[in-house]
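What follows is a set of notes on a single structure, which appears directly below.
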Amino acid sequence: MKVFYDDRQSVAANSSFSPSAEKPAKVLESWHKLDIPFEVCSFKPLTIDEMALAHDRFYVDGIMSLEELNGFGNQNPEIAAALPWVCGSMVAAALHTYITGELSFSPTSGAHHACYAHGMCYCSFNFLAMAAIKVHQAGADTIGILDLDCHHGNGTVNIIERLGLNYIRHYSFGEEFLKRGSDAEDWLMRLPDIVSSFR
Ligand SMILES: [Zn+2]
C-alpha cells in the first residue's frame, strides 16, 4: 500500500489535549515495528490557494499568518507550518487512488470539525473537503466521504452546504450515533448499502 507521508506533516511540540498533530509519525513508527509492508511516497504541500478551495480565504490567511486561533485553540507556528503538508498528504492519497485505482493511505487526522470559516475541536482545515474538490477537478463525477468517527462531521457538512458541493456524498457515523445510539452489528450489516448510496 502506498502511504503519503512526510515528516513535515507531524508536530510533536503542540500543547493540546489532543495528540492528533503528532499521530502521523507515531502511526508510521508503529507500522514499522509491526512489520506492516507499505511504501512511503513523496508529495507536494498544498498552496494557500489550494487550501482556500474549501475555506474562506481570510480564514486560511489568518491561520497561516498566526492571526487566527487554529483548531487546537492556539497559534503554534509549527501547526501552521505543518498544515500544507497535512492537507497535501490527504489530497495526494485521494488523487493517487482516483488516477490509478490502487489503495492508498494518508496518515492524517483532525479535519471533519473544520468549517468553512472557522476551526474547532482540534480541526483547523478540512482536508477531506479539499481532497473531494481536487478529485472532482480531476474528473470524478461523485465523491464519497465515509466518516467513521464517533463525532458528527459537522465541518464537512458546513463546507458542502456553504459551497454547494452537491457531487459529494457524505456519511457521518457520528451523526447517526447521536440519533440512534451505537449498534455495531446492525451498522456493519448496513455498511454495503451506505457505500452503494455514494454512486
Ligand atoms: Zn471529532
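Counting begins at 1 with the first residue of the sequence. Indexing begins at 1, ligand by ligand and atom by atom, following the structure's order. Every heavy atom of this structure was used, including side-chain atoms; hydrogens, water molecules and symmetry mates were not. It should be emphasised that the depicted structure is a prediction, and the values quoted were computed from it without experimental measurement.
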Legend entry - F105 ring center within less than 6.0 Å of Y5 ring center: no
Inset, instruction - Check all N, O or S atoms of H151 and name the one closest to the Zn ion (ligand 1). - result: ND1
Inset, instruction - Mark yes when over 12 heavy atoms from residues, nucleotides or ligands other than Y167 sit less than 6.0 Å from its OH; otherwise mark no. - result: yes
Inset, instruction - Decide, counting backbone as well as side-chain atoms, whether C150 has an N, O or S atom less than 2.8 Å from the Zn ion (ligand 1). - result: no
Legend entry - Salt-bridge contact R57-D49 (side-chain N to carboxylate O under 4.0 Å): yes
Inset, instruction - Tell me, please, if H113 has any N/O/S atom, main chain or side chain, under 2.8 Å from the Zn ion (ligand 1)? - result: yes
Legend entry - Heavy-atom pair of closest approach, residues F4 and S104: CE1-CB, 3.9 Å
